Amino acid sequence: MRMKKTKSPDSGATLYSRIYAAVRKIPKGRVSTYGRIARLVKAPGPRVVGYAMAALPEGSSVPWQRVVNHKGEISLRKGGSGEIRQRRLLEAEGVEFKLRGRINLKIYGWPDP
DNA sequence: CTTTTGACGCGTA
DNA sequence: CTACGCGCCAAAA
């Protein structure tokens, strides 16, 4: 990790750390969106959240799978087979998928109201 | 050092 | 519902 000194001094935690922490807070059987987390951690942009997820290694303690885009569907690079893997994990948690692999954020969206 | 791309969100048409 | 554009920042080339 690069300890780069950005002009935004955080309260000790780095931006990525906050993102990971927020994702960890997502309850089981729920999903959140990049923008939602971006605001929770005060990220400058939702892209940074997605980028942080992409940088996550497998086996990380971060349930990045619970993070979906504002459309309610799984987003990952190139729409490869990873999408299927994610979906399977979410279904195992109790998340129900609509057609086209979309999730009803109205129900599974987090945080609630 | 510069340029391009990217697990995005949202307003507006 | 789709389509287009803008904004935001970081990492890779």
Side-chain angles (χ1 to χ4, degrees):
Chain A
M1 284 271 294
R2 221 134 313 180
M3 302 281 273
K4 194 150 47 155
K5 277 217 124 3
T6 50
K7 49 176 150 172
S8 295
D10 26 67
S11 310
T14 53
L15 181 62
Y16 279 44
S17 296
R18 279 178 276 177
I19 295 172
Y20 300 146
V23 176
R24 266 185 211 157
K25 285 177 187 180
I26 302 178
K28 184 180 177 212
R30 289 273 183 90
V31 292
S32 188
T33 64
Y34 296 99
R36 204 81 71 135
I37 293 173
R39 295 195 179 190
L40 284 173
V41 303
K42 296 178 189 128
R47 283 200 137 131
V48 184
V49 179
Y51 210 81
M53 298 285 117
L56 269 174
E58 273 184 63
S60 59
S61 322
V62 182
W64 58 277
Q65 56 202 73
R66 292 180 189 151
V67 186
V68 296
N69 57 21
H70 77 131
K71 291 175 249 179
E73 60 180 305
I74 299 172
S75 293
L76 68 168
R77 315 175 290 168
K78 307 221 137 220
S81 45
E83 181 179 322
I84 300 182
R85 177 177 53 186
Q86 313 273 144
R87 177 173 172 172
R88 208 192 97 106
L89 287 167
L90 288 171
E91 287 190 82
E93 293 186 5
V95 179
E96 188 172 29
F97 279 75
K98 294 296 182 190
L99 294 180
R100 269 166 145 194
R102 294 206 284 193
I103 308 172
N104 190 338
L105 295 175
K106 202 76 169 156
I107 303 175
Y108 298 101
W110 184 89
D112 217 17

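All figures in this text were calculated on a predicted structure; none of them were measured in a lab. Here is how names work: the chains are called A, B, and so on, in the same order as the sequence lines, proteins then strands, and each is numbered from 1.
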From [X] atom [atom1] to [Y] atom [atom2], the distance as rounded to the nearest 0.5 Å:
X: A/Glu91; Y: A/Ile103; atom1: CD; atom2: CD1; value: 9.0 Å
X: A/Leu76; Y: A/Arg85; atom1: CG; atom2: CZ; value: 8.0 Å
X: A/Tyr34; Y: A/Tyr51; atom1: OH; atom2: OH; value: 13.5 Å
X: A/Leu105; Y: A/Trp110; atom1: CG; atom2: CH2; value: 13.5 Å

Check nucleotides 4-7 of chain C against the protein and report each pair of N or O atoms closer than 3.5 Å, with its distance, or say if there are none.
| residue | atom | partner | partner atom | Å |
| --- | --- | --- | --- | --- |
| C/dG7 | O6 | A/Arg47 | NH1 | 3.1 |

Report, one pair per line, the protein and nucleotides 10-13 of chain B atoms (nitrogen or oxygen only) whose separation is under 3.5 Å.
none

Could you state the atom-to-atom distance from [atom1] of [X] to [atom2] of [N] in whole Å?
X: A/Tyr34; N: C/dC9; atom1: OH; atom2: C1'; result: 16 Å
X: A/Ile19; N: B/dA7; atom1: CD1; atom2: P; result: 15 Å
X: A/Leu40; N: B/dC8; atom1: CG; atom2: P; result: 18 Å
X: A/Ile26; N: B/dA7; atom1: CD1; atom2: P; result: 19 Å
X: A/Ile37; N: B/dA7; atom1: CD1; atom2: P; result: 16 Å
X: A/Arg18; N: C/dC9; atom1: CZ; atom2: C1'; result: 13 Å
X: A/Leu15; N: C/dA11; atom1: CG; atom2: C1'; result: 13 Å
X: A/Lys42; N: C/dC8; atom1: NZ; atom2: P; result: 18 Å

Pairing residues for A/Ile107 by the side chain to side chain contact (heavy atoms under 4.5 Å, CB included) criterion, not counting sequence neighbours
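With sequence neighbours excluded, A/Ile107 shows a side chain to side chain contact (heavy atoms under 4.5 Å, CB included) to A/Asn104, given in chain and number order.
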Contacts of A/Ala52 that satisfy side chain to side chain contact (heavy atoms under 4.5 Å, CB included) - sequence neighbours left out
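So A/Ala52 forms a side chain to side chain contact (heavy atoms under 4.5 Å, CB included) with A/Tyr16, A/Ile19, A/Tyr20.
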Using a strict heavy-atom distance below 4.0 Å, which residues from residues 49-64 of chain A are in contact with DNA chain B?
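Hits under 4.0 Å, by residue number: A/Gly50, A/Met53, A/Ala54, A/Trp64.
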With a cut-off of less than 4.0 Å, is there a side-chain N or O of A/Arg102 near OP1 or OP2 of C/dC1?
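True: A/Arg102 side-chain N/O within range (under 4.0 Å) of C/dC1 OP1/OP2.
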Within a strict 4.5 Å, meaning less than it, do heavy atoms of the A/Pro44 and A/Leu15 side chains meet?
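Yes. Closest side-chain heavy atoms under 4.5 Å.
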Would you say A/Arg39 has more than 12 foreign heavy atoms packed within less than 6.0 Å of its CZ?
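Check fails, neighbour count at 12 or below.
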Begin with the C-alpha distance, continue with both residues' side-chain angles, and end with the deciding distance and a verdict on side-chain contact (heavy atoms from CB on, under 4.5 Å) for A/Val23 and A/Val49.
CA-CA 10 Å; A/Val23 176; A/Val49 179; 5.7 Å; no
Residue pairs involving residues 63-74 of chain A (criterion salt bridge (Lys or Arg N to Asp or Glu O under 4.0 Å); sequence neighbours excluded):
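As it turns out, the salt bridge (Lys or Arg N to Asp or Glu O under 4.0 Å) pairs with a partner in residues 63-74 of chain A, which skip direct neighbours, are A/Arg66-A/Glu93.
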Of the options C/dT2, B/dA7, C/dA10, whose atoms approach the side-chain atoms of A/Leu76 most closely?
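Minimum distance to the A/Leu76 side chain belongs to B/dA7.
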Take A/Val62 and A/Val67 through the side-chain contact (heavy atoms from CB on, under 4.5 Å) test and state the conclusion after the steps.
CA-CA 10 Å; A/Val62 182; A/Val67 186; over 6 Å; no
